[in-house]
Number of protein chains: 4
Amino acid sequence: MSSTWGKNIEISIFGESHGSGIGVVINGLPAGEDIDMDELLAQMARRAPGNDKTATPRKESDLPEILSGILNNKTTGAPLCTVIRNTNTRSQDYGNLLTTPRPSHADLTGHVRYGGYNDLRGGGHFSGRLTAPLVFAGAVARQILERRGIKIGAHILSVGNISDRPFDPTNISDELLASLGRKKFAVIDEASEAPMRELIECCRMSQDSIGGVVESAVTGVPIGIGSPMFGGVENVISSIVFGVPAVKGIEFGSGFDGSKLKGSENNDPFIYENGTVKTATNNHGGSLGGITSGMPIIFRAAIKPTASISQKQNTVDIEKHENTELNIKGRHDPCIVVRAVPVIESAAAIAVLELMMEKTTL
Amino acid sequence: MSSTWGKNIEISIFGESHGSGIGVVINGLPAGEDIDMDELLAQMARRAPGNDKTATPRKESDLPEILSGILNNKTTGAPLCTVIRNTNTRSQDYGNLLTTPRPSHADLTGHVRYGGYNDLRGGGHFSGRLTAPLVFAGAVARQILERRGIKIGAHILSVGNISDRPFDPTNISDELLASLGRKKFAVIDEASEAPMRELIECCRMSQDSIGGVVESAVTGVPIGIGSPMFGGVENVISSIVFGVPAVKGIEFGSGFDGSKLKGSENNDPFIYENGTVKTATNNHGGSLGGITSGMPIIFRAAIKPTASISQKQNTVDIEKHENTELNIKGRHDPCIVVRAVPVIESAAAIAVLELMMEKTTL
Amino acid sequence: MSSTWGKNIEISIFGESHGSGIGVVINGLPAGEDIDMDELLAQMARRAPGNDKTATPRKESDLPEILSGILNNKTTGAPLCTVIRNTNTRSQDYGNLLTTPRPSHADLTGHVRYGGYNDLRGGGHFSGRLTAPLVFAGAVARQILERRGIKIGAHILSVGNISDRPFDPTNISDELLASLGRKKFAVIDEASEAPMRELIECCRMSQDSIGGVVESAVTGVPIGIGSPMFGGVENVISSIVFGVPAVKGIEFGSGFDGSKLKGSENNDPFIYENGTVKTATNNHGGSLGGITSGMPIIFRAAIKPTASISQKQNTVDIEKHENTELNIKGRHDPCIVVRAVPVIESAAAIAVLELMMEKTTL
Amino acid sequence: MSSTWGKNIEISIFGESHGSGIGVVINGLPAGEDIDMDELLAQMARRAPGNDKTATPRKESDLPEILSGILNNKTTGAPLCTVIRNTNTRSQDYGNLLTTPRPSHADLTGHVRYGGYNDLRGGGHFSGRLTAPLVFAGAVARQILERRGIKIGAHILSVGNISDRPFDPTNISDELLASLGRKKFAVIDEASEAPMRELIECCRMSQDSIGGVVESAVTGVPIGIGSPMFGGVENVISSIVFGVPAVKGIEFGSGFDGSKLKGSENNDPFIYENGTVKTATNNHGGSLGGITSGMPIIFRAAIKPTASISQKQNTVDIEKHENTELNIKGRHDPCIVVRAVPVIESAAAIAVLELMMEKTTL
């Protein structure tokens, strides 16, 4: 199913950008898990638009309402459903007629896929707004995992050609992950923030946008989680991360760079460290044969530049069957990478919970 | 499920490297599809070991036996099962005791995952040999797709730091794909073959291995196939491609490089070409919002260097609980990328058939 | 997943009886289908409590709100989510402590299953109220099917030992089905209504309840829908019908009575009728080998007497670990069979749409 | 998927009656489970044709070959695949042309479903022979369950109008279940065997057949297994049991008879018995709200009379488009109920293992 994901933990995301509301149903959560709503809202705030530039808190209308699955701040084991109202939409301004599809958007492909009946307004079900319920689900998963010592964090590894310092894949402290979670602009090396911001601002000023890479880490996962072939860590994580709009690539451990190495360079020797088997390096990114090694899971997601740019672009008029030009109106993030950080973390959290909920013995 | 994949077309791969046999059950194939067994065997031969270095045809014992699902060379609509016998195994030589896990292999993680009961011999269910049934399934899917004008091909984009010419993503001819399929060493620019071979031979001589990248293209897919969020082209393809051992990364269209671009550079303008809407460039790799655009689907898979190298490596002895050294015996491919080409193509073929078999109207 | 159902059409039902709201997300609906909201509400009204005994329309607070998936009265192809608010609940009256489980309810089994964290109030996620979103989903499916000539109806075949006239399985008119849909007490032979009502009233007066059987028919389904083994008409329908609380049995065609017959009595001869192959009788209930025959699909669901009766019953006190007695308070339907009719029809509608949405050719 | 079943334990059954072989792939089995092959073959022998009438053991050619998933008589955790060769077939005698479909068989519906490409020979994928791999899978599941104190048995509750004594649903000893498993004609009250056999023989002599009911019991299942709505005991069991050809009805506990009762009669009071909560009666058949109560799971499956009878029957000629008569040749079981007993047990075993493998806490 397109908008549902998972076997053990199933999320079903619904909503269109300018409909009445969006939300998610989460099935398969263990019962009796404490849910801290303040912490959950804090995670959602990280993704919210406008978060970075002003101190103003999110508009209250964006608050998720829990309809089911939580009682007295604990999961009941029944499906957890939350709804976030769409307010501040001006649906009446829009028709639902597609004439000039925006380049590198889903306007045209969605139009064909749904026979012209999909809700175009604000991007409809394709909108980046649909990552809000994903972050909600991720925030729930994260609380369950953190209680078991599993920590998740991510940072802006690059914006355009400007890079942050990558994670040390063998040594990622809880403190580092926590501090990244508190930053509005999540970089490890704070010296990289200013040039990145400059580049983004420069793109905005020139009615353009810029892409980047988010690097994510999951620590504390026990060895032996996941399965070979199609049930592996990489399969499960990639299948949800590509559900985040604008993600066009993913790599684990040394990834594409590792493909340039020799085996003697890329192999990770096993060593005993305080009685536990570890690997001296972590080019495998925490997964061997699809199964966790106990080392941090490390992956990077490539995020394309925001497709909505306000400078004039070439496109077609599918009514008149001719080439034409397009000026996209409205304000759009010149760099979605900043807000993608908590979204990617959320996808990782859901994926790891899914893997952890696989029963392998009786 | 770990070793099953797909919703509309379901493949279930079974077998262990040194057990009696390996194979695949394919569910959901349309009935009445012609299956050309010679063509099918030709695809399997592309993956077979020893294919490249000698003219000797595959040993007959490696022939797949069709147990069900094909009658008079046509699919019956019932599950198609094929079995490939494991011969030339020397199971008696092996115990099933793991003491010194091979670095960057699944020895240790599989041992923990299966409580020490997994079949270690020859890698068991983790073995690269399990890609043979995947190629079988892909060869079936490919024949069904080709009849509808959908063509699939791949090439060795790089070995270590040596690169082939990439696909022109807006212009991939059937002839190019067909010629790649006939090559034992699938490169577009034949000038890249010699240096790549030299590098591989050099690694072999130094008891080492080398990784690389496979680039794959699927042409002729109609616009409008696939779905948003988790049912997209990227999700479906990545979830099966990561089932190929040694794949550690995947990117679509401009991928990681695209993340360095501006929107004005990465966006693909729509244009009319002979009455059909196309994109002038193809940085989106054939998928917008998870849905096919009618442009070629382009993706690249990063393949790590073969983990089995015969030079001495550091590892642990999990019996004695101490660090130790390991010499892996036996012959291994110094560069798995060459034989990975038809495997990646096969995964792509199955994924595209899966997407095509989604019913969207009544 | 427990509260999700379906492969091609997936429904995900959420909510607890005394939580904020209940509802359903429907995935996989074809886009562009007209949805008549009045007709949809009429279906929901058939299930609503209090419907039979007074002319008062449903309380407006029970209206489903569409959050997504419908625009301008047509499906958009995105997930359709509806929410029904829980009002008129007195949550504050309840604790969430189970001491004396009600006989033949899920109080004790749910308590163990969810470690005591499930929402007990009003039955929580086990409540019959959760059939409201099922009826919503069924009403959507029904409109899509009716447009293709597929009609669905059901009647009260029996209450206790009092029986209605069964369907003539070879001859079920659209008029009959339509007239049953308009009846508050859905019987074919209206002479059976009075004695059934008397029996129900008698049970109510004696603080007791009574079970019954609902017989359902689906007409107009083309021949060739469904699949052998686990994808058959019977598998698909039974797997959803047993999701209706209190259903304890299901049979297709001649069912249990047919098991007493000889082959020569139970077999259904094929005949040509106006150029079409039919069967002279319909003991097979419209399914042969799990695949529709073009004859009406006929099935019967056995519904146990309402477990909640107000006379004194024996149970246990799981706090004190001793046997005790229980008086259940509150008003309960003395016979759930009457209101089960549209619920069973809805389950059938969803199941048939699921079967119809299976793609079998390319 | 039609021929695959299960979420936690997935079985994928393949094969056609006159193809090369049939078999099953079982995914999700816990690793390290002892598999006693003699016991497994003994289970398969119970289903084998000719078992009842002669002392001749099954032909060796019917032996299942294990291709994968078992090493040193223990499950490895990888997919378990077994193949049973089809021998004694005379494929060359058959064409694959359907002209006169057999009444109450899947000949016509399968022909339409698969566009005439399905393998008709011997019933193809619809053949009762496909229950052999189901019994294999059930025998594996049974061994895993029995080790945990879960026992499964069934008996012939009725043949035509002749009935055996039903299970006492509150008191089913391991000895009773074991003794039923050893009987060639599984009845509880041995006095019922002779009249049942007479009736079957009478039907055979008159070129006819007879149906019946199999009653099955599963004891020792802990309380709290299963889930509400669509993940319940009834949903899971029915969805696999209807995969057994000729099953047309299923009921749990008091089932259809229970629908005639009052709540005060059908409700099962809770009582303490040796410190454990039980129910004094077991009209609920071991499942409340879809979740096990710890009482025996009791269900009955209605099996229609064998459709293949050798007396002349009316059917159609779909080539000539006219009514005609048909004489089915070959030998068929006049009463499939006898051999259905181990098949139904096997379906129950797989279903219960599936339910037990659901992970509900972390």
Side-chain angles (χ1 to χ4, degrees), chain C residues 2-3 5 103-104 106 109-110 112-113 125-126 160-161 208-213 223-224 227-231 234-235 238-239 242-243 248-249 251-253 255-256 258-264 266-272 277 284 288-289 291 293 302-306 309 314-316 323, chain D residues 2-3 5 103-104 106 109-110 112-113 125-126 160-161 208-213 223-224 227-231 234-235 238-239 242-243 248-249 251-253 255-256 258-264 266-272 277 284 288-289 291 293 302-306 309 314-316 323:
Chain C
S2 162
S3 305
W5 183 93
S104 294
T109 59
V112 174
R113 167 68 173 80
H125 192 55
F126 293 88
N161 282 300
D208 213 333
S209 65
I210 186 78
V213 173
I223 184 172
S227 297
M229 303 214 76
F230 312 112
E234 291 92 340
N235 311 64
S238 69
S239 71
F242 277 118
K248 296 298 278 190
E251 60 178 4
F252 294 81
F256 279 90
S259 77
K260 297 177 184 162
L261 299 179
K262 295 182 178 176
S264 59
N266 194 61
N267 280 0
D268 299 308
F270 290 112
I271 50 165
Y272 269 104
V277 181
H284 68 287
L288 290 170
I291 301 170
S293 66
I303 295 172
K304 72 176 186 183
T306 316
I309 55 175
N314 290 322
T315 187
V316 291
N323 295 336
Chain D
S2 163
S3 304
W5 183 92
S104 294
T109 58
V112 174
R113 166 67 174 81
H125 192 56
F126 293 89
N161 282 301
D208 212 335
S209 65
I210 186 77
V213 173
I223 184 172
S227 298
M229 305 214 76
F230 312 113
E234 291 92 341
N235 311 65
S238 69
S239 72
F242 277 119
K248 296 298 278 190
E251 59 178 5
F252 293 80
F256 279 90
S259 77
K260 296 176 186 161
L261 299 180
K262 296 182 177 174
S264 58
N266 195 60
N267 280 1
D268 298 308
F270 289 111
I271 49 164
Y272 269 105
V277 179
H284 67 288
L288 290 171
I291 301 171
S293 66
I303 295 172
K304 73 177 185 181
T306 316
I309 55 175
N314 290 322
T315 186
V316 291
N323 295 336

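Just so it is clear, the values below take in all heavy atoms, side chains as well, and ignore hydrogens, waters and symmetry mates.
For chain D, the nearby part of F126(C) is the side chain; its heavy atoms alone come within less than 4.5 Å. Of the atoms belonging to N267(D), heavy atoms from both backbone and side chain fall under 4.5 Å from chain C. Using a 4.5 Å cut-off between heavy atoms, S239(D) contacts chain C through both its backbone and its side chain. Contact of S293(C) with chain D is made through backbone and side chain together, with heavy-atom distances under 4.5 Å.
The choice from G289(D), S259(D), G243(D) that makes the most heavy-atom pairs within less than 4.5 Å of chain C is S259(D). Counting heavy-atom pairs closer than 4.5 Å to chain D, the top-ranked of the candidates I309(C), I271(C), N161(C), N323(C) is N323(C). Between chain D and the residues S227(C), G253(C), G255(C), G258(C), the largest count of heavy-atom pairs under 4.5 Å involves S227(C). By number of non-hydrogen pairs under 4.5 angstrom with chain C, the leading residue of V112(D), N266(D), D208(D) is D208(D). Chain C forms more heavy-atom pairs under 4.5 Å with one residue of I303(D), I223(D), I210(D), I291(D) than with any other, namely I291(D). Chain C forms more heavy-atom pairs under 4.5 Å with one residue of H125(D), E251(D), K248(D) than with any other, namely K248(D). The greatest number of non-hydrogen atom pairs below 4.5 Å with chain C, out of P228(D), G231(D), G110(D), P103(D), is found for P228(D). Listed options G263(C), A106(C), G249(C) were ranked by heavy-atom pairs under 4.5 angstrom with chain D; first place goes to G263(C). The choice from N314(D), L288(D), V213(D) that makes the most heavy-atom pairs within less than 4.5 Å of chain C is L288(D).
We find the CZ-OG distance between F230(C) and S3(D) to be 7.5 Å, quoted to the nearest 0.5 Å. In this structure, NZ on K304(C) lies 8.5 Å from NE2 on H284(D), to the nearest 0.5 angstrom. Rounding to the nearest 0.5 Å places OG of S104(C) at 4.0 Å from CG of D268(D). To the nearest 0.5 angstrom, K262(D) atom NZ is 9.5 Å from S209(C) atom OG.
Between G224(C) and R113(D), the closest heavy-atom pair is O-CD, 3.4 Å. What you find for V277(D) and V316(C) is that their closest heavy atoms are CG1-CG2, 3.9 Å.
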